[in-house]
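Just so we're on the same page: letters track the sequence lines, and every chain starts at 1. Computed over heavy atoms, backbone and side chain alike; hydrogens, waters and symmetry mates excluded.
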2 protein chains.
Amino acid sequence: MFLSGTAFIVRGGTDTRQEGTFSVHGHLGVTMQSHAYTAMGCRGREILDRVGDKWSMYVVFTLSEGPKRFTELKRAVEGISQRMLTVTLRGLERDGIVRRTMYPVMPPHVEYELTPIGDKLVGTVSSFLGWVEDHFDEIDAARAAYDAREGRPEVHV
Amino acid sequence: MFLSGTAFIVRGGTDTRQEGTFSVHGHLGVTMQSHAYTAMGCRGREILDRVGDKWSMYVVFTLSEGPKRFTELKRAVEGISQRMLTVTLRGLERDGIVRRTMYPVMPPHVEYELTPIGDKLVGTVSSFLGWVEDHFDEIDAARAAYDAREGRPEVHV
DNA sequence: CCGCATCCAACGTGATACTG
DNA sequence: CAGTATCACGTTGGATGCGG
């Protein structure tokens, strides 16, 4: 989910038209034009799918404490299954966000750590967490309000 | 996926223990302690699920251009089905990220626009997009490298 | 200790058709 | 125009058991 418009069409396997302009005006004066749409859209969507799954960011944040072994991670990331930890780590490793170091001893010893770009990722995501922290009261309020008026749509004239 | 550890357990419906500390050291000196884990962990995960789905951010970015009607949105967000646009908008509306204004005329006229907190969200996510933009070359390279050595694990001693 | 393979249930999503 | 309802499908993720 990220300014896609093409990415999922490609994924879906239908056609591949690519057009349209896209401009964004954030509160920081952030402005992205069609450049952002074409260049970032597909990639942004793609990367978010990678990093936006159920466990990736959890693992990344855990690794931001420092390198960890497989079992340490499994303990730290409560609730993750062995399978999903493996799958998640493979994905992160493939994208160069996590580095895996294996020591061929018996029993096996494998360490995982964040790469420099993985470390930067932690920073950008932290700003999102900051947003959550700043606004979850409002979000809760909004939800309560929404759920309260459920069925009786507020009509504005 | 966001420092959860409890959220999904709750969602899964098993037990609900809640313990452990969580500290994060980003490259910005960002540091979150167990506070972050309990206060943000569940919420962060929860909100990311909300905002991290297939369409939400796409819709949010589209709305950052300005208010739009349902059909305008459907046109702008290429590939989205009517159903998913409805579902996505409902979710965003419930969380107070999008405001819906309905004019009871015939034919119906409904407008969607970003709330102030929705607007701020655009800013935080833009920083993530910036990360993608800064690093997708490296990510591509990492993937190529990873796929190339597939099957022949690099062993580090 | 670390990980892969298999099976299966749940959820998200899309297609289609119908309504005020 | 702006939805709702129903169905069907693919992907995700959990459980389990085996292997180096």
Residue [X], side-chain heavy atoms: nucleotide from [options] that is nearest:
{"X": "Trp55(A)", "options": "dG13(D), dG3(C), dG3(D)", "answer": "dG13(D)"}
{"X": "Met84(B)", "options": "dC2(C), dG14(C), dA2(D)", "answer": "dG14(C)"}
{"X": "Lys54(B)", "options": "dC2(C), dA2(D), dT13(C)", "answer": "dT13(C)"}

### Query
Does Arg75(A) place a side-chain N or O at less than 4.0 Å from the phosphate oxygens OP1/OP2 of dC1(C)?
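Answer no for this pair, as no side-chain N or O of Arg75(A) is under 4.0 Å from OP1 or OP2.
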### Distance test, side-chain N/O of Tyr112(A) to OP1/OP2 of dG3(C), below 4.0 Å
yes
Return the value, rounded to whole Å, for the distance between atom [atom1] of [X] and atom [atom2] of [N].
{"X": "Asp53(A)", "N": "dC11(C)", "atom1": "CG", "atom2": "C1'", "result": "15 Å"}
{"X": "His109(A)", "N": "dC1(C)", "atom1": "NE2", "atom2": "P", "result": "12 Å"}
{"X": "Glu78(A)", "N": "dG14(D)", "atom1": "CD", "atom2": "C1'", "result": "17 Å"}
{"X": "Asp49(B)", "N": "dA10(C)", "atom1": "CG", "atom2": "P", "result": "19 Å"}
{"X": "Leu85(A)", "N": "dC2(C)", "atom1": "CG", "atom2": "P", "result": "10 Å"}
{"X": "Glu111(B)", "N": "dG3(D)", "atom1": "CD", "atom2": "P", "result": "12 Å"}
{"X": "Arg100(A)", "N": "dC1(C)", "atom1": "CZ", "atom2": "P", "result": "16 Å"}

Using atom types as modelled, flag every donor-acceptor pair under 3.5 Å from a side chain in residues 85-97 of chain A to any protein atom, sequence neighbours excluded.
from: Thr86(A); atom 1: OG1; to: Gln82(A); atom 2: O; distance (Å): 3.1
from: Thr88(A); atom 1: OG1; to: Met84(A); atom 2: O; distance (Å): 2.6
from: Arg94(A); atom 1: NH1; to: Asp147(B); atom 2: OD1; distance (Å): 2.7
from: Arg94(A); atom 1: NH1; to: Asp147(B); atom 2: OD2; distance (Å): 2.5
from: Asp95(A); atom 1: OD1; to: Arg143(B); atom 2: NE; distance (Å): 2.5
from: Asp95(A); atom 1: OD1; to: Arg143(B); atom 2: NH2; distance (Å): 3.2
from: Asp95(A); atom 1: OD2; to: Arg143(B); atom 2: NH2; distance (Å): 3.3

Using the side-chain hydrogen bond (donor to acceptor under 3.5 Å, both in side chains) criterion, which residues pair with [X]? Sequence neighbours excluded.
{"X": "Ser127(A)", "value": "Ser127(B)"}
{"X": "Glu138(A)", "value": "His135(A)"}
{"X": "Asp140(B)", "value": "Arg43(A)"}

### Task
In sequence, state the C-alpha distance, the side-chain angles, and the governing distance for Val60(B) and Leu114(B), and then conclude on side chain to side chain contact (heavy atoms under 4.5 Å, CB included).
CA-CA 7 Å; Val60(B) 167; Leu114(B) 250 39; 4.2 Å; yes
### Worked verdict on Tyr103(B) versus Thr101(B) for side chain to side chain contact (heavy atoms under 4.5 Å, CB included)
CA-CA 7 Å; Tyr103(B) 304 92; Thr101(B) 311; 3.8 Å; yes
#### Entry: Nucleotide-resolved protein contact map, nucleotides 15-20 of chain D, B/S/- at heavy-atom distance under 4.0 Å
B----B
### Query
Can you list the residues that meet the salt bridge (Lys or Arg N to Asp or Glu O under 4.0 Å) rule with Lys68(B), with sequence neighbours excluded?
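Expected list: Glu65(B).
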### Smallest separation among heavy atoms of Ala76(A) and Tyr58(A), with atom names
O-OH, 3.8 Å
### Ile80(A) to Lys74(A) - nearest heavy-atom pair and separation
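Smallest interatomic distance, heavy atoms only, reads O-NZ, 3.2 Å.
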### Query
Is it true that a side-chain atom of Thr62(A) and a backbone atom of Leu73(A) form a donor plus acceptor pair closer than 3.5 Å?
no
### Query
Any donor and acceptor pair, going by atom type alone, linking the side chain of Lys120(A) with main-chain N or O of Trp131(B) inside 3.5 Å?
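No; judged by distance alone, with no hydrogens or angles, the pair does not exist.
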### Query
Is there a residue in residues 86-96 of chain B whose heavy atoms reach under 4.0 Å of DNA chain D, and which residues are they?
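Thr86(B), Arg90(B), in order of number.
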### Query
To 10°, what angle do the rotation axes through the five end pairs on each side of the helix from dC1(C)-dG20(D) to dG20(C)-dC1(D) form?
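The angle separating the two end axes equals 40°.
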### Message
Using the side-chain contact (heavy atoms from CB on, under 4.5 Å) criterion, which residues pair with Pro67(B)? Sequence neighbours excluded.
### Response
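Only Glu111(B), Glu113(B) meet the side-chain contact (heavy atoms from CB on, under 4.5 Å) criterion with Pro67(B).
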